Amino acid sequence: MPTESVRFFDTQFQRQVNAGEFELNPFERLTLPYLGGELLDLGCGLGNLALEAARAGCRVTALDGSPTGIARLRETAAGLGLPVAAHEADLGHWLCDRDYDGIVAIGLLMFFPRERAEALLADIVAHVRPGGVVALNVLTEGTTFLGMFEPDHYHLFAPGALKAALPGWEVLAESVDQFPAPGDTRKVFETVIARKP
Ligand SMILES: C[S@@+](CC[C@H](N)C(=O)[O-])C[C@H]1O[C@@H](n2cnc3c(N)ncnc32)[C@H](O)[C@@H]1O
């Protein structure tokens with residue numbers, strides 16, 4: 001049973017597939033140069049970052065709940081002969097069972113209740129290899145956009161919470177970005193890219 005957020009994004013992805021809109025977003029553009037080796041992209045969406053990372057030499061595993069996103073990523077990667085394994089997954093009930101050189105979760109972790117968001121963040125941090133990279137992007141307190149989803153089903157992170165979950169990691173890039181959103185709401189994002197000691 002897909003969550004409300006997965007249904008929302010699947011509808012958006014169907015529109016984007018029909019319109020041929022596949023640009024990297026600013027967070028994905030920021031992240032791409034830091035990626036290498038075996039990469040896990042959680043909440044990969046349409047797979048734009050997964051495809052570019054694979055083009056740049058990564059071997060990518062990509063997971064998302066959106067059938068439209070996963071189908072588009074699979075077909076495009078197969079057509080281009082790129083090393084991408086894309087699977088539909090319910091990330092609200094998923095445990096990482098191996099380590100990676102890089103783990104990306106861009107625009108994902110806020111779509112879970114607080115306990116699950118924090119547990120998934122801890123699971124990600126634990127499964128990056130020493131010397132590997134994490135790229136995290138979440139909505140933070142101050143965001144008003146998520147009022148459209150069920151209140152118990154999302155979590156706005158406190159400013160600084162991502163870095164606090166990465167003690168001793170080398171921060172490679174970070175940003176705080178604010179965007180106007182539909183219905184006179186706003187989105188405030190925090191992004192951290194960091195290397196594990
Ligand atoms: C804001 S989009 C980000 C997509 C992509 N990372 C990007 O930067 O464009 C959030 C993604 O998380 C996925 N997602 C949200 N909740 C999920 C869940 N419970 N299980 C699997 N995927 C989920 C959505 O389907 C969507 O692709």
Side-chain angles (χ1 to χ4, degrees), residues 1-17 19-32 34-35 39-54 58 60-74 76-77 84-96 102-121 123-124 133-140 143 145-146 148-157 162 173 175 177-179 181-182 185-193:
M1 183 68 177
T3 63
E4 203 174 324
S5 55
V6 169
R7 275 196 295 272
F8 171 84
F9 285 108
D10 196 73
T11 303
Q12 179 181 305
F13 295 157
Q14 287 171 24
R15 253 196 331 267
Q16 287 177 262
V17 167
E21 287 172 13
F22 299 118
E23 298 81 26
L24 293 185
N25 65 43
F27 313 123
E28 293 173 319
R29 280 203 297 276
L30 181 69
T31 298
L32 184 61
Y34 297 101
L35 303 178
L39 177 70
L40 176 64
D41 187 356
L42 292 174
C44 62
L46 285 165
N48 300 325
L49 179 64
L51 290 166
E52 288 308 315
C58 294
V60 184
T61 301
L63 305 179
D64 200 285
S66 160
T68 302
I70 293 300
R72 183 266 165 167
L73 174 53
R74 267 198 197 143
T76 308
V84 177
H87 304 285
E88 260 180 65
D90 172 7
L91 295 172
H93 303 89
W94 171 89
L95 280 178
C96 196
I103 303 184
V104 171
I106 295 179
L108 173 73
L109 293 172
M110 59 276 195
F111 292 113
F112 304 106
R114 183 180 60 78
E115 271 190 20
R116 175 57 188 157
E118 290 175 352
L120 185 51
L121 175 57
D123 204 23
I124 290 169
V133 166
V134 75
L136 301 167
N137 165 276
V138 294
L139 287 169
T140 58
T143 293
F145 171 68
L146 284 176
M148 62 191 274
F149 297 114
E150 303 152 80
D152 293 345
H153 286 74
Y154 63 84
H155 171 59
L156 294 179
F157 284 74
L162 293 182
S175 69
D177 302 277
Q178 187 169 310
F179 301 95
T185 58
R186 64 180 189 148
K187 300 175 178 177
V188 185
F189 288 96
E190 203 162 293
T191 308
V192 176
I193 303 170

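Along the sequence shown, residues are numbered consecutively beginning with 1. Everything quoted here is computed from the prediction, not taken from an experiment. As the structure lists them, so they are numbered: ligands from 1, and atoms in each ligand from 1.
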Shortest protein contact, atom 18 (C) of ligand 1 (heavy atom only): Val6 CG2, 3.6 Å
To check you understand the geometry: which heavy-atom pair defines the closest contact between Phe112 and Ala117, and what is its length? CB-N, 3.9 Å
Which protein heavy atom lies closest to atom 8 (O) of ligand 1, and at what distance to 0.1 Å? Asn25 ND2, 2.8 Å
Exactly one candidate in Phe9, Phe8, Phe145 meets ring pair (Phe, Tyr, Trp, His ring centres under 6.0 Å) with Phe111; the answer is Phe9
Mark the output for Ser5 as yes if a heavy-atom distance to ligand 1 is under 4.0 Å, and as no if none is. yes
What protein heavy atom sits nearest atom 19 (N) of ligand 1, and how far away is it? Phe112 CE2, 3.4 Å
Looking at Gly65, Gly43, Gly45, the heavy atom closest to atom 6 (N) of ligand 1 belongs to Gly43
For atom 24 (C) of ligand 1, closest protein heavy-atom neighbour: Asp64 OD1, 3.5 Å
Of all the non-hydrogen atoms in the protein, which one sits nearest to atom 12 (O) of ligand 1, and at what distance? Leu108 CD1, 3.5 Å
Determine the sole option in Val138, Leu120, Leu63, Asp64 for which the side chain to side chain contact (heavy atoms under 4.5 Å, CB included) test with Leu108 is passed. Leu120
Decide yes or no for His153 and Thr3: does some side-chain heavy atom of the first lie under 4.5 Å from some side-chain heavy atom of the second? no
Which heavy atom of the protein is the closest neighbour of atom 3 (C) of ligand 1, given with residue, atom name and distance? Ile106 O, 3.5 Å
Can a donor-acceptor pair be found, under 3.5 Å and without considering hydrogens, that links the side chain of Asn137 to the backbone of Thr191? no
Take the angle between the ring planes of Phe179 and Phe189 and call it parallel below 30°, perpendicular above 60°, tilted in between. perpendicular
Suppose we measure from atom 20 (N) of ligand 1 to each protein heavy atom; which comes out shortest, and what is that distance? Leu91 N, 2.9 Å
With heavy atoms only and a cut-off of under 4.0 Å, state how Phe13 meets ligand 1: side chain, backbone, both or neither. side chain
Contacts of Glu52 meeting salt bridge (Lys or Arg N to Asp or Glu O under 4.0 Å) (sequence neighbours excluded), chain-then-number -> Arg55
What residue and heavy atom of the protein are closest to atom 2 (S) of ligand 1, and at what distance? Phe9 CE2, 3.6 Å
Are any of the side-chain heavy atoms of His155 and Glu118 separated by less than 4.5 Å? yes
Qualifying residue for side-chain hydrogen bond (donor to acceptor under 3.5 Å, both in side chains) with Asn48, from Gln16, Glu28, Arg72: Arg72
Please could you name the atoms of ligand 1 that Ala89 approaches to less than 4.0 Å, counting only its heavy atoms? 20 (N), 21 (C)
Close approach of Phe8 to ligand 1, heavy atoms, under 4.0 angstrom: no
